[in-house]
Student: 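Below is the structure I would like to discuss, written out as structure tokens.
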Amino acid sequence: MTSLPKIYDPQEIEGKWYQFWLSNNYFHAESTSDKSPYAIVIPPPNITGSLHIGHALDNTLQDCLIRWHRMKGHNTLWMPGTDHAGIVTELIMEQKLAEEGTSRNAIGREKFTERMWQWKDESAGYIVSQLQQLGCSCDWERERFTLDAGLSIAVRTAFVKLYNQGLIYRDTYMVNWCPNCHTAVSNLEVEPIEIDGNFYHIHYPVIDTDITLEIATTRPETMLGDTAVAVHPDDERYQHLIGKKVLLPLCDREITIIADEYVDTEFGTGALKVTPAHDVNDYEIGLRHDLEQRNIFTTDGHMNEDAGERYTGLSRWDCRKKVVEDLKNEGYLVKIVPHRHTVGHHDRCNTIVEPAISLQWFMNVRPLAERAIEATKKGEITFIPERETARFYHWMENIEPWPISRQRWWGHRLPIWYCNSCEEVTAAMDTPKKCKCGSTDFHQEEDVLDTWFSSGLWPFSTMGWPEETDELKTFYPTSVLVSGWDILFFWVARMIMLGLGCMDEVPFRHVYLHGLVADEKGQKMSKSKGNSIDPLETIEKYGTDAFRFALANVSTPIPYVALPEAQIESGRRFANKIWNAARFILMNLEKHPIPTTDTDDNEQVPLEVQWIQSRLNYTIKTTTDALENFRFHEVAHTLYAFLWHEFCDWYIEFAKQRLSNDEPKALWVAVDVLEQIMRLLHPLMPFITEEIWQQLPHGSQRNSSDEKASVTVAPWPTPSTENPTAEATMETLMKVIDNIRSIRGELNVPIGAAVDVHIQSPNAEIRERLETYLGHYLPAFTRVESITIAETLPKPPASAEAVIGELAIYIPLAGVIDLETEKTRLTKRHQQTVKDVAAAQKTLENPNFIERAPENVVAQKRDLLDRLLIEQGKLERSLSLLNTS
RNA sequence: GGGCGGGUAGCUCAGGUGGCUAGAGCGACAGCCUUACAAGCUGUAGGCCACAGGUUCAAGUCCUGUCCCGCCUACCA
């Protein structure tokens, strides 16, 4: 007897098989191959620590696609790696340093970078081990890191190329400044968050008059940097004041009242204080009117000397308090009105960003964005789900210059050199030898590039670009990119633009954007909310396959998918079900081994075998189709339903009966079907399928030795023809069995009691089928004493009845049957039938329906009505019999 | 302010191009340790498909409007 444990224990086998796959090199892709290529580059996880639930989903789906294509015989590459993730990683390191009582400035750039590399080495290894626990079949020999030497060359090459094309330039402009991180950030990195603030109404006295101009602001402290007040040129209230000056309270400065169309007369007081150095709109107004840009902040969000002596050194928030207090004391404050408004926060540290004028490096992405739009319109890239295409276009069409320099240390330093003797700026791969002016003295730009710049090159930098490598020739453009929709702009869009800019070709053919994992309340899971599921804990508790199955199972194409714990439990139960189906088959196989020589195949193939093979074909077709369309939930659902509710619930029960009749062929068919299911399930549940695959017999005539070695490299099943006749016949048989069970259940027939079954049917073919098979099948499902099948049959006294079209089932239950219960049961059935009849009649009585609906639809409806009418008549007769007895 | 997604069983969700009597998982209730599985088996209950119109022979599905929920975007101080 095989000593398979009754309960599937994932811990026992997962590590073993992963090592087995690695040692057989199954995950390795060839640089050149006759096979058609299939490639995915992993969205490189940040080296900030552990994988979260989003990674688990993202990588499960990728692995699913990768394993599927590997089985389809493609030269399959899953390129793994990690991202240096500039600002976040630095922030965490700074925290560590603070705990050690030091800081990045104290230890200096060189030491700091050293520490970062140390951390990277530990962290990347940890991430790899987690991906491996998830079962990810990446080509680990090719693992990359965005700061690798090779990728650094790619970054410099791309930068220099784009610089020489004039797309990268240096400029002074207003950017989002994070006073906490001391760096400029792009618009995407700024999260607008609604906060409860105030509208501060302030009097600005108009010079040489006794009137005052009332302005309203949410940021009173910025008045210290005001260099004008603006009103709308058509605003009758203020027209006469245009050109006059006001005295800026607290500052002892005079500023001019200007007219600008930007001002909204309806909003606030219709008079707008203008702070060109600290507000984007004011900046634009300032340029139009040639206003002074008066900077009053330090880079860390404090007030500088230009804010005035009494405020210098205060934080932004302390200064606001003091300004308001002073305004009040000096009689300038009119009122404070609560006002809810959105304020930009840096998404990495949650600090309120400060619009600031700053000298930065920018990339003019518009030309590349236009190419990206064009390429997408031509169908070179498709987005799944399709709605993402619109989001993509909208963003691309309204794209703004991308500030790419960051005042940080961890990342790619811009390959820009400044001559120390003249003004010359050079972009080059390395330090220039000699400047135009003859000097050999240069210094490199201190800033590093936005992390997303190097991530944007990922699909080709990982394959050795700018070298013309075999990998690039074979795998670029890659097949699909899998990611969450939340980084469509951050990353996906930039990869497309940079791919076009550097490779002249899009980086991937399909973009599959899956949903984000949410809890039961629809809240996105995140560590900070405390509602996240830890992948490793989950794997430990439920097993990887159960977890992966659950993730796929909830992956419907909606923006937020809920992953209740019950789903993962369901996955575990499913794994256990698979395990036990295999266990049953393997245990019985010891008693009935598959003969080495082919047995005589002339005999008739039993109905249940025709049926399960037909259903298997349907399953293969549906699963393949679902995978082709990235419908992972359908993959999961299809396989679950087939294995559990067709194979286990019915076929194995049939097979048990066959076995007890000493007909082992049914078991051997079960082996074949199970083997096919293992293939179909493998992309989703790699471990359990491998474990079972290894235990299943693979007779010499069944598979080649390669395929036998591992399900990882077994061919993906191809569907043959379906068998609708067998399916229809089996359906009738199953209905008969269901109805018998239902009668027994509803009338509380004791489990042990064997019953006589009388079946009456005018259809000779059905009778023949029932006679052939029911005797075989029925005992597998219920205790039965005798089966009588006839064309006409009187209803036995005190019997329960079920009606399936023109077929009737009677079960005599004298002594057991409670007439009232039976009456209730039949009445309920009758009522339902009457309702259905009425609905069908209504449709058929409509002449337009007969006229305009397709023939087959009309025919179907007629059949339905006929069947229902027969059932109704039978039920009515039985009910009247019950009433008179 | 614009745009997108969602509202179907107690809960989480399926229901490509309209057409079998609207489904699944979980949960609930009742009964079973039937020698693969109690992480199991069997049976039962539970739905005005958000609301109001419209198109159509036919609407959960398409159109219009309304109401909720969520999200993405936007320079109203």
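As the structure is a computational prediction, the values presented were derived from the model and not from experiment. Here is the naming used below: chain letters follow the sequence lines, and residue numbers restart at 1 for every chain.
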Student: With a cut-off of less than 4.0 Å, is there a side-chain N or O of A:K6 near OP1 or OP2 of B:A39?
Tutor: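 For B:A39, neither OP1 nor OP2 has a side-chain N or O of A:K6 closer than 4.0 Å.
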Student: Measure from CG on A:L747 to C1' on B:A30 and round the result to the nearest Å.
Tutor: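 Atom CG in A:L747 sits about 14 Å away from atom C1' in B:A30.
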Student: Please state whether the base of B:C75 and the side chain of A:Y262 form at least one donor-acceptor pair under 3.5 Å?
Tutor: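 Under the 3.5 Å cut-off, the side chain and the base do form a donor-acceptor pair.
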Student: Do any side-chain nitrogens or oxygens of A:T556 fall under 4.0 Å of OP1 or OP2 in B:A14?
Tutor: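 Yes, A:T556 has a side-chain N/O under 4.0 Å of OP1/OP2 on B:A14.
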Student: For A:V857, which contact category applies under a 4.0 Å heavy-atom criterion: base, sugar-phosphate, or nothing?
Tutor: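 Base contact.
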Student: For the C1' atoms, the ones on B:C33 and on B:U42, what distance do you get once it is rounded to whole angstrom?
Tutor: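 It works out to 14 Å between them.
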Student: Grab the CZ-C1' distance between A:R288 and B:C75 for me, whole Å please.
Tutor: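 After rounding, the reported distance stands at 11 Å.
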Student: Which nucleotide wins on minimum distance to the side chain of A:D649, given the candidates B:A77, B:A36, B:C41?
Tutor: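 For the A:D649 side chain, the nearest candidate turns out to be B:C41.
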Student: Let me know, please, whether A:T218 or A:P854 comes out on the 5' side of the other along RNA chain B by nearest nucleotide.
Tutor: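 That would be A:P854.
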Student: Whole angstroms only, please: what is the CD-P distance between A:E569 and B:G40?
Tutor: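 Result: 10 Å.
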Student: Less than 3.5 Å apart, any donor N or O on the side chain of A:Y204 or A:D226 sitting next to an acceptor on the other?
Tutor: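 Looking only at side-chain atoms, A:D226 and A:Y204 do form a donor-acceptor pair, the distance falling under 3.5 Å.
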Student: Please determine which of A:T269, A:V231, A:T265 meets the side-chain contact (heavy atoms from CB on, under 4.5 Å) test together with A:R237.
Tutor: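 So, applying the side-chain contact (heavy atoms from CB on, under 4.5 Å) to A:R237 and each of A:T269, A:V231, A:T265, only A:T265 qualifies.
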Student: Rounding to an integer number of Å, can you tell me how far A:E261 CD sits from B:A77 C1'?
Tutor: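 Rounded to the whole Å, the gap is 17 Å.
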Student: Find the runs of at least 3 consecutive base pairs, i with j, i+1 with j-1 and so on, that include RNA chain B, using Watson-Crick or G-U wobble geometry with both distances under 3.5 Å.
Tutor: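 Output for stems: B:1-7 with B:67-73, B:10-13 with B:23-26, B:28-32 with B:40-44, B:50-54 with B:62-66.
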Student: Please tell me if A:K577 has a side-chain N or O lying less than 4.0 Å from either OP1 or OP2 of B:G25.
Tutor: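 Checking B:G25 against A:K577, no side-chain N or O comes under 4.0 Å of OP1 or OP2.
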Student: Which part of the nucleic acid does A:I652 contact within heavy-atom distance under 4.0 Å: base, sugar-phosphate only, or nothing?
Tutor: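 Base contact - A:I652 has a heavy atom under 4.0 Å of at least one base atom.
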Student: Distance check, rounded to the nearest 0.5 Å: A:Y262 atom OH versus A:R288 atom CZ?
Tutor: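 Spacing of OH (A:Y262) from CZ (A:R288) equals 9.0 Å.
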Student: Please report the distance separating the P of B:C11 from the corresponding atom of B:G5, rounded so that it comes out in whole Å.
Tutor: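 That atom pair is separated by 25 Å.
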Student: Given the rule in the side chain to side chain contact (heavy atoms under 4.5 Å, CB included) test, do A:R862 and A:I850 qualify, once you have shown the distances and angles that lead to the verdict?
Tutor: CA-CA 10 Å; A:R862 284 212 169 100; A:I850 312 290; 3.7 Å; yes
Student: Rounded to whole Å, how long is the line connecting atom CD of A:E266 with atom C1' of B:C75?
Tutor: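 Interatomic distance, CD of A:E266 to C1' of B:C75: 18 Å.
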Student: Between A:W644 and B:C41, is there a side-chain N or O to OP1/OP2 distance below 4.0 Å?
Tutor: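 Answer yes for this pair, as a side-chain N or O of A:W644 is under 4.0 Å from OP1 or OP2.
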Student: When the C1' atoms of B:A30 and B:G46 are considered, how many whole Å apart are they?
Tutor: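 Straight-line distance between the two C1' atoms is 15 Å.
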Student: Would you kindly say whether A:S186 and A:E189 are connected by a side-chain donor-acceptor distance under 3.5 Å?
Tutor: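 Yes, a side-chain donor-acceptor pair sits under 3.5 Å.
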Student: Kindly say whether the aromatic ring centers of A:F383 and A:Y393 come within a distance under 6.0 Å.
Tutor: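 Ring centroids of A:F383 and A:Y393 are no less than 6.0 Å from each other.
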Student: Need one value for A:A566: base, sugar-phosphate or nothing, where a base atom within 4.0 Å counts as base even if backbone is also close, heavy atoms only.
Tutor: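 The answer is sugar-phosphate, as A:A566 gets under 4.0 Å only of primed atoms, P, OP1 or OP2.
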Student: For B:C71 and B:C32, measure between their P atoms and round to the nearest Å.
Tutor: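 Going atom to atom, P in each nucleotide, I get 49 Å.
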Student: Between A:N661 and A:Q657, does any side-chain donor sit less than 3.5 Å from a side-chain acceptor?
Tutor: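 Their side chains do not contain a donor-acceptor pair, so the 3.5 Å distance test is not met.
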Student: Side chains of A:N198 and A:Y200: any donor to acceptor distance under 3.5 Å?
Tutor: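 Short answer, yes.
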Student: May I ask you to evaluate whether A:S742 reaches the phosphate of B:U44, defined as a side-chain N or O under 4.0 Å from OP1 or OP2?
Tutor: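 Answer is yes, contact under 4.0 Å.
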Student: When you measure from the side chain of A:W485 to the backbone of A:P559, do you find a donor-acceptor pair of N or O atoms at a distance under 3.5 Å?
Tutor: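 Between the backbone of A:P559 and the side chain of A:W485 there is a qualifying donor-acceptor contact (under 3.5 Å).
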Student: Grab the CG-P distance between A:D347 and B:C72 for me, whole Å please.
Tutor: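 Computing the A:D347:CG to B:C72:P distance gives 12 Å.
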Student: So, A:E691 and A:Q695: side-chain donor and acceptor under 3.5 Å apart, yes or no?
Tutor: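 Yes, a side-chain donor-acceptor pair sits under 3.5 Å.
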Student: With distance as the sole test, does A:R658 use its side chain to make a donor-acceptor pair with the main-chain N or O of A:A666 at under 3.5 Å?
Tutor: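 No.
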Student: Could you tell me whether the phosphate oxygens of B:G40, OP1 or OP2, come under 4.0 Å of any side-chain nitrogen or oxygen in A:R573?
Tutor: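 Yes, A:R573 has a side-chain N/O under 4.0 Å of OP1/OP2 on B:G40.
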Student: Near RNA chain B, under 4.0 Å by heavy atom, which residues of residues 189-202 of chain A?
Tutor: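 Nothing qualifies; none.
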Student: With rounding to whole Å, what would you report as the distance between B:U8 and B:G23 at their C1' atoms?
Tutor: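 Nearest-Å result for B:U8 against B:G23 at atom C1': 10 Å.
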Student: Quiz question: going by heavy-atom distance under 3.5 Å, is there a donor-acceptor pair between the base of B:A36 and the side chain of A:E653?
Tutor: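 By the distance-only test, yes, there is a pair.
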Student: Can you tell me, in whole Å, how much space there is between the P of B:C26 and that of B:G40?
Tutor: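 Approximately 7 Å lies between the P atom of B:C26 and that of B:G40.
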Student: Assign A:K273 to base, sugar-phosphate, or nothing according to its heavy-atom contacts below 4.0 angstrom with the strands shown.
Tutor: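 Contact class for A:K273: none.
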Student: Within this structure, what is the CD-to-P distance between A:E691 and B:A36, rounded to whole angstrom?
Tutor: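 It works out to 20 Å between those atoms.
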Student: What nucleic acid atoms does A:V554 come within less than 4.0 Å of, heavy atoms only: base, sugar-phosphate, or nothing?
Tutor: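 Result for A:V554 = nothing.
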Student: Any base atoms under 4.0 Å from A:D264, or only sugar-phosphate, or nothing? Heavy atoms, all strands.
Tutor: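 Base contact.
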Student: State whether A:R631 places a side-chain N or O below 4.0 Å from either non-bridging phosphate oxygen (OP1 or OP2) of B:G15.
Tutor: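 Looking at the OP1 and OP2 atoms of B:G15, one of them is under 4.0 Å from a side-chain N or O of A:R631.
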Student: Taking the side chain of A:K828 as heavy atoms from C-beta outward, which of B:G43, B:G25, B:A45 is closest to it?
Tutor: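 For the A:K828 side chain, the nearest candidate turns out to be B:A45.
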Student: Among B:A36, B:U12, B:A77, which nucleotide has an atom closest to any side-chain atom of A:A562?
Tutor: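 Minimum distance to the A:A562 side chain belongs to B:U12.
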Student: For A:C648 and A:S570, take the nucleotide of RNA chain B holding the closest heavy atom to each; which residue's nucleotide lies nearer the 5' end?
Tutor: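 Taking each residue's closest nucleotide, the earlier one in sequence belongs to A:S570.
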Student: When you check the phosphate oxygens OP1 and OP2 of B:A74, does a side-chain N or O of A:H394 lie under 4.0 Å from one of them?
Tutor: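 So the side chain of A:H394 is outside the cut-off, no N or O lying under 4.0 Å from OP1 or OP2 of B:A74.
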Student: Suppose you measure atom P in B:G7 against the same atom in B:C49; what distance do you get, rounded to whole Å?
Tutor: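 To the nearest whole Å, 14 Å.
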Student: NA contact type, A:R862, heavy-atom cut-off 4.0 Å: base, sugar-phosphate, or nothing?
Tutor: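 Touches nothing.
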Student: When the ring centroid of A:F654 is compared with that of A:F647, is the distance short of 6.0 Å?
Tutor: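 Ring centres of A:F647 and A:F654 not closer than 6.0 Å.
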Student: Expressed in angstrom and rounded to an integer, what is the separation of A:I558 atom CD1 from B:C72 atom C1'?
Tutor: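 One finds 16 Å between C1' of B:C72 and CD1 of A:I558, rounded.
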Student: Classify the nucleic acid contact of A:W579 as base, sugar-phosphate or nothing, counting any heavy atom under 4.0 Å across all strands shown.
Tutor: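 Counting heavy atoms under 4.0 Å across all strands, no contact is made by A:W579.
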Student: Measure centre to centre between the rings of A:Y777 and A:W650, then say whether the value is under 6.0 Å.
Tutor: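 Centroid distance A:Y777-A:W650: not below 6.0 Å, so no.
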Student: Would you say A:R387 reaches B:G5's phosphate, i.e. side-chain N/O to OP1/OP2 under 4.0 Å?
Tutor: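 So the side-chain polar atoms of A:R387 never come under 4.0 Å of the phosphate oxygens OP1 or OP2 of B:G5.
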Student: Using atom P of each nucleotide, how far apart are B:U56 and B:A14 to the nearest Å?
Tutor: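 Straight-line distance between the two P atoms is 31 Å.
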